[in-house]
Amino acid sequence: MNGTPLPSETPDYVRFNRANWDERVPAHAASPDYAVERFRSDPDFLSDVVCFDRPLLGPVEGLRGVHLQCHIGTDTISLARLGARMTGLDFSAPAVAAATELSEATAAGADFVQADVYDAADVLEPGSFDLVYTGIGALCWLPDVRRWADVVARLLTPGGRLFIREGHPMLWSLGDSRPDGLLVVEHPYRERLEPTVWDEDGTYVETDVEFEHTITHEWNHGIGDILTAVLDAGLTITSFVEHDSAPWDPLPGLTERDEDLQEWRLADRPWRVPFTYTLQAVRGAGA
């Protein structure tokens with residue numbers, strides 16, 4: 001599943017990353033970790049990610065929302081089941097097709113659009129969304145967090161809110177698990193011009209599929225980079241919370257699953273490193 005051909009001027013990082021994501025869509029849709037069949041059979045089912053978000057997210061009923069980098073749409077559909085009028089956007093044509101099919105099969109009423117996240121305010125109606133939602137593992141694919149924040153600000157209606165829960169840059173900076181259990185900073189913490197290039201043949205969900213497109217280009221963005229970008233885009237930060245858990249196993253061999261949270265934490269002194277954070281910000285009436 002290669003999706004729509006990319007224009008010749010498309011940056012290399014988009015080409016590599018989209019090929020990687022396009023290929024993984026069928027495996028993710030079939031994996032028990034995304035629980036697609038549970039969505040089909042249980043009209044009240046919500047993704048674990050959205051369940052974790054709900055206490056900070058609050059009521060979304062009646063809000064017009066857009067989920068940026070929505071992948072196969074399970075979090076988008078979960079928000080729609082909570083009463084929001086949702087649109088999902090992703091650069092992967094197979095992901096958008098899978099999300100659209102699931103929305104139609106479950107009568108969720110969510111719409112999906114294929115576009116690069118940097119083009120979101122050009123293909124969607126700017127200034128019309130009460131909620132811009134972004135989930136785990138989105139910003140690392142973007143070379144410029146300031147450009148992303150500007151897109152968010154353009155999408156939001158005055159008084160509209162950004163809600164993002166994301167992998168913490170401290171977590172992204174750590175190296176692989178070591179036999180001695182030490183946590184070692186190995187990768188960039190702050191945004192750099194050059195990407196970190198990975199060649200990994202797996203994925204983050206349970207699957208036996210062997211992949212061909214294994215190269216990805218990624219960027220870390222420090223907390224200062226992110227907060228400054230949001231502020232400079234004209235948004236007011238209303239909440240910032242760090243969490244010591246993640247919805248996937250980020251450091252195999254050093255973590256254990258917390259069944260109450262339905263997330264993974266360090267087995268030894270989990271307070272040492274934040275795994276994720278939740279950031280909320282609003283667009284002012286005059287922005």
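None of the values given here were measured: they were computed from a predicted structure.
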- Task: Supply the atom-to-atom distance Leu139 CG to Asp144 CG, rounded to the nearest 0.5 angstrom.
- Result: 11.0 Å

- Message: Return the OG to CZ distance between Ser47 and Phe39, rounded to the nearest 0.5 Å.
- Response: 5.0 Å

- Task: Check whether any side-chain heavy atom of Met170 lies under 4.5 Å from a side-chain heavy atom of Glu242, and answer yes or no.
- Result: no

- Item | Cluster check Tyr34, Leu46: I/L/V/M/F/W/Y, side chain < 4.5 angstrom | no

- Item | Distance in Å, Leu171 CG paired with Cys140 SG, rounded so as to fall on 0.5 Å steps | 10.5 Å

- Can you check side chain to side chain contact (heavy atoms under 4.5 Å, CB included) on Asp268 and Leu254, steps first, answer last? CA-CA 7 Å; Asp268 176 26; Leu254 297 179; over 6 Å; no

- Nearest non-hydrogen partners of Val96 and Asp90, listed with the distance: CG2-O, 3.8 Å

- Message: What I want to find out is whether Asp249 reaches Arg257 closely enough, with some N-O distance under 4.0 Å, to be called a salt bridge.
- Response: no

- Task: Supply the atom-to-atom distance Leu56 CG to His243 NE2, rounded to the nearest 0.5 angstrom.
- Result: 5.5 Å

- Item | same_hphob_cluster(Phe240, Leu235) at 4.5 Å side-chain heavy-atom cutoff | yes

- Item | Residues, nucleotides or ligands: over 12 heavy atoms within 6.0 Å of Asp199 CG | yes

- State, to 0.1 Å, how close Ala80 and Met86 come at their nearest heavy-atom pair, and which atoms those are. N-CG, 3.7 Å

- So which heavy atom on Ala121 is nearest to which on Arg154, and how close? CB-CZ, 3.5 Å

- Shortest non-hydrogen contact from Asp130 to Gly62? OD2-O, 4.5 Å

- For atom CD of Glu259, decide whether the heavy atoms of other residues, nucleotides or ligands shown that lie under 6.0 angstrom number more than 12. yes

- Message: Counting C-beta onward and ignoring hydrogens, is there a side-chain heavy-atom pair between His168 and Phe275 closer than 4.5 Å?
- Response: no

- To the nearest 0.5 Å, what is the distance between OG1 (Thr228) and CD1 (Ile223)? 10.5 Å

- Message: Any non-hydrogen side-chain atom of Ser92 less than 4.5 Å from a side-chain atom of Val25?
- Response: yes

- From the list Tyr13, Trp141, Trp148, ring pair (Phe, Tyr, Trp, His ring centres under 6.0 Å) partner of Trp219 resolves to Tyr13

- Distance-only polar pair, side chains of Asp75 and Tyr133, donor-acceptor under 3.5 Å: no

- Item | pair Pro247-Glu263: side-chain heavy atoms closer than 4.5 Å | yes

- Task: Can you see which heavy atom on Pro188 is nearest to which on Ser173, and at what distance?
- Result: O-CB, 3.9 Å

- In short, side chain to side chain donor-acceptor pair (under 3.5 Å) pairs touching residues 62-71 with sequence neighbours left out are His28-His71, Arg64-Glu125, Arg64-Ser128, His67-Thr76

- Item | Same cluster (ILVMFWY, side-chain, under 4.5 Å), Val273 and Val241 | no

- Message: Distance check, rounded to the nearest 0.5 Å: Glu212 atom CD versus Glu23 atom CD?
- Response: 5.5 Å

- Message: Pair Phe52, Gln262 - check side chain to side chain contact (heavy atoms under 4.5 Å, CB included), show working.
- Response: CA-CA 8 Å; Phe52 185 98; Gln262 295 293 296; over 6 Å; no

- Message: Could you tell me if the side chain of Thr278 sits less than 4.5 Å from the side chain of Ser239, heavy atoms only?
- Response: no

- Message: Main chain of Ala108, side chain of Arg81: is a donor-acceptor contact present, judged purely on distance under 3.5 Å?
- Response: no

- Message: Would Arg283 and Phe129 count as a side chain to side chain contact (heavy atoms under 4.5 Å, CB included) here? Give the steps.
- Response: CA-CA 11 Å; Arg283 179 186 172 191; Phe129 292 95; over 6 Å; no

- Val209 and Ile72: same hydrophobic cluster, using ILVMFWY side-chain contacts below 4.5 Å? no

- Task: For Asp225 and Arg190, indicate whether the former's side chain and the latter's backbone hold a donor-acceptor pair under 3.5 Å.
- Result: no

- Query: Which atom names give the shortest non-hydrogen contact between Ser103 and Gly109, and what distance separates them?
  - Reply: OG-N, 3.6 Å

- Can you hop from Leu89 to Val145 via hydrophobic side chains spaced under 4.5 Å? yes

- Does the Thr106 side chain pair with the main chain of Arg40, one donor and one acceptor, at a distance under 3.5 Å? no

- Could you label the plane-to-plane angle of the Trp172 and Trp248 rings as parallel, tilted or perpendicular, counting under 30° as parallel and over 60° as perpendicular? parallel

- So, the side chain of Asp201 versus the backbone of Thr214: is there a donor-acceptor pair under 3.5 Å, distance only? no

- Message: Using side-chain heavy atoms (C-beta onward) and a distance below 4.5 Å, is Trp21 in contact with Pro94?
- Response: no

- Message: Quick one, Ile226 with Glu191, criterion side chain to side chain contact (heavy atoms under 4.5 Å, CB included). Give me CA distance, side-chain angles, the key distance, then yes/no.
- Response: CA-CA 9 Å; Ile226 297 162; Glu191 183 180 301; over 6 Å; no

- Taking the side chain as C-beta and beyond, is there a heavy-atom pair between Arg178 and Leu183 under 4.5 Å? no

- Message: Do Asp111 and Thr87 pair up side chain to side chain, a donor and an acceptor below 3.5 Å, judged on atom types alone?
- Response: no

- Query: How about Arg54: does its CZ atom have over 12 heavy atoms from other parts shown lying under 6.0 Å from it?
  - Reply: no

- Answer yes or no: is there a side-chain heavy-atom contact under 4.5 Å between Tyr204 and Ser31? no

- Glu166 side-chain N/O to Gly137 backbone N/O, donor-acceptor pair under 3.5 Å: yes

- Query: Within the side chain of Asp150, is there an N or O that forms a donor-acceptor pair under 3.5 Å with the backbone of Ala233?
  - Reply: no

